[in-house]
Amino acid sequence: NLTADSLTAFSNAAAGHDGVLSDPSGTLLIKPCTPRELAFYESLHLHPTLAPYVPAFLGTLAPSTPADIPPEAAAEATSLSEAVAAQPNHNRNLLIVLENLTAPFEHPTILDLKLGAQLWDDEASLEKRKRLDDVANATTSGSLGYRIAGMKVWDPITSSYKVYDKMYGRQFNESDIIKGVEDFFAGLGDETELKIKLAERFLSTASGVREVLEKEESRMYSASLLFVFEGGAKELREALEQEAILDEERRKKQEARRASGIDTDDEEVDDDEEEEDDDVPRKGVENCKLIDFAHASWTPGQGPDENLLRGVRNVEKLFGEFLEKQKAKL
Ligand code: ADP
Ligand code: MN
């Protein structure tokens, strides 16, 4: 029941183009996208190990002005993405519907880390390649393979967001980039143990992304790791408590099942649990996913995406370093 006039501007973007929308419930994110991004999401089922690390893809919305697609192009195309790909001047008039990664949070604190030293794909003009290379060479994109593209940090003291725009992340170099992570967690004040818990989870998810992409043959230029956590310390603690209770319930149920001799594989049990818990609104602790596939494609035969992987490895190092610093405070 999604109608164009029920959509509102999405207010939790940390970076990127304007024009991102959300639905009235706030669970969906509707984003103008390139044909490449749609093709990427449409082919994701062929790469099931990556699926847990990207937002759920729920489909497309028809462009608001279908007349934009010339009938000849649309007639030859076998999919919506091909129809739009047929017209180079209309690069972003497709709308994809994704899971909104910030939905389960009361006050989401958000960090967008843009990955890669090369940030352009084969479709970019020479002018664009040079422009993006110049930015990369002047920032940690070049030296580390990632940079802070933007942040929104909830400040519980003022009950407002601190917004860090795209210029903020460009000031850092290899030796002071850690300050960016400190700003990301700054809303938690001196809650060192909460910071450690979150950073451990982010590190572990980044490692999961790396392990999957080491086995894929893909090229993702200018994709991002999006990190989100519950920015209110009080709400974060509540979310952790709820998580612990649900984990404990799940453990008990599994144990009971095992004791009664019912032999189900773990996956099936997980599915059952998921369904039963559906009516309890889950509070978010943290979330980290790979996003922005405007310049991503599968490249069989070309080996893993070292441009992206170098960035992810250095992101792991960054969170590792932050963790060490926090642990030293305990
Ligand atoms: P762009 O090509 O404009 O950079 P992105 O896919 O990077 O497009 O989206 C822009 C911003 O929107 C991101 O920095 C992020 O903060 C937000 N965003 C994108 N996808 C999601 C999502 N599925 N859930 C929540 N926020 C998202
Ligand atoms: Mn982006």
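When a ligand or atom number is given, it counts from 1 through the structure's own listing order. These figures come from a predicted structure and were not determined experimentally.
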Relative to ligand 1, is Ile291 under 4.0 angstrom through side chain, backbone, both or neither, heavy atoms considered? side chain
Looking only at distances, can you tell me whether any N or O atom of Ala15, backbone or side chain, sits closer than 3.5 Å to an N or O atom of ligand 1? yes
Does Thr102, backbone or side chain, put an N or O under 3.5 Å from an N or O of ligand 1? no
All ring pair (Phe, Tyr, Trp, His ring centres under 6.0 Å) counterparts of Tyr164, not counting sequence neighbours: Tyr168
If you measure from CG on Asn287 to CZ on Phe229, what distance do you get to the nearest 0.5 Å? 13.0 Å
Using a 3.5 Å cut-off on N or O atoms only, is Ala14 in polar contact with ligand 1? yes
Which bit of Val228 is near ligand 1, meaning a heavy atom under 4.0 Å away: side chain, backbone, both or neither? neither
Can you find an N or O of Lys31 that's nearer than 3.5 Å to an N or O of ligand 1? yes
Just heavy atoms, cut-off under 4.0 Å: does Glu99 contact ligand 1 by side chain, backbone, both, or neither? backbone
I need the single residue from Leu95, Thr60, Leu58 that forms a side-chain contact (heavy atoms from CB on, under 4.5 Å) with Ile30. Which is it? Leu95
Hydrophobic cluster of Phe105, others only, ordered by chain and residue number, side-chain cut-off 4.5 Å: Leu101, Ile110, Leu226, Val228, Ile291
Backbone or side-chain N or O of Val20 under 3.5 Å from ligand 1 N or O: no
Is ligand 1 under 4.0 Å from a heavy atom in the side chain of Leu29, in the backbone, in both, or in neither? side chain
Nearest-contact summary for atom 24 (N) of ligand 1 - protein heavy atom, Å: Leu101 N, 2.8 Å
Under the criterion side chain to side chain donor-acceptor pair (under 3.5 Å), which of Asn12, Thr102, Thr109 is the partner of Lys152? Asn12
Return the orientation label for the Trp154 and Tyr161 ring planes: parallel under 30°, perpendicular over 60°, tilted otherwise. perpendicular
Is there a ring-ring contact (aromatic ring centres under 6.0 Å, His included) between Phe322 and Phe184 once you walk through the steps? CA-CA 11 Å; Phe322 177 77; Phe184 176 49; 8.8 Å; no
Suppose clustering is done on Ile, Leu, Val, Met, Phe, Trp and Tyr with side-chain heavy atoms closer than 4.5 Å. Which residues sit in the same group as Leu132? Leu119, Trp120
Please work out whether the ring planes of Phe319 and Phe185 are parallel, tilted or perpendicular, with thresholds of 30° and 60°. perpendicular
Of all the atoms in ligand 1, which lie at a distance below 4.0 Å from a heavy atom belonging to Phe10? 25 (C), 26 (N)
Identify which protein N/O/S atoms are less than 2.8 Å from the Mn ion (ligand 2). Asp292 OD2
Give the atoms of ligand 1, by number and element, whose distance to some non-hydrogen atom of His17 is under 4.0 Å. 1 (P), 2 (O), 3 (O)
After noting the C-alpha distance and the side-chain angles of Arg310 and Glu306, does the key distance pass the salt bridge (charged side-chain N to carboxylate O under 4.0 Å, His left out) rule? CA-CA 6 Å; Arg310 172 168 168 257; Glu306 287 305 329; over 6 Å; no
Nearest-contact summary for atom 12 (O) of ligand 1 - protein heavy atom, Å: Ala13 CB, 3.7 Å
Does Leu46 reach the side chain of Trp298, with side-chain heavy atoms less than 4.5 Å apart? no
Which bit of Asp292 gets closer than 4.0 Å to ligand 1, counting heavy atoms only: side chain, backbone, both or neither? both
Full working for salt bridge (charged side-chain N to carboxylate O under 4.0 Å, His left out) between Arg251 and Glu255: CA-CA 6 Å; Arg251 200 189 56 76; Glu255 208 164 83; 3.1 Å; yes
Under 4.0 Å from a heavy atom of Asn100: which atoms of ligand 1 are those, numbered in the order shown and with their elements? 24 (N), 25 (C)
Of the side chain and backbone of Pro55, name the one, both, or neither that has a heavy atom under 4.0 Å from an atom of ligand 1. side chain
Between Asp292 and Ser224, does the side-chain hydrogen bond (donor to acceptor under 3.5 Å, both in side chains) criterion hold? Intermediate values first, please. CA-CA 6 Å; Asp292 197 350; Ser224 287; 5.0 Å; no
Enumerate the atoms of ligand 1 whose separation from the nearest heavy atom of Asp112 is less than 4.0 angstrom. 13 (C), 14 (O)
After noting the C-alpha distance and the side-chain angles of Glu106 and Lys234, does the key distance pass the salt bridge (charged side-chain N to carboxylate O under 4.0 Å, His left out) rule? CA-CA 10 Å; Glu106 201 67 47; Lys234 178 175 155 284; over 6 Å; no
min-distance protein heavy atom vs atom 15 (C) of ligand 1 -> Leu226 CD1, 3.8 Å
Glu243/Arg201 salt bridge by N-O under 4.0 Å criterion: yes
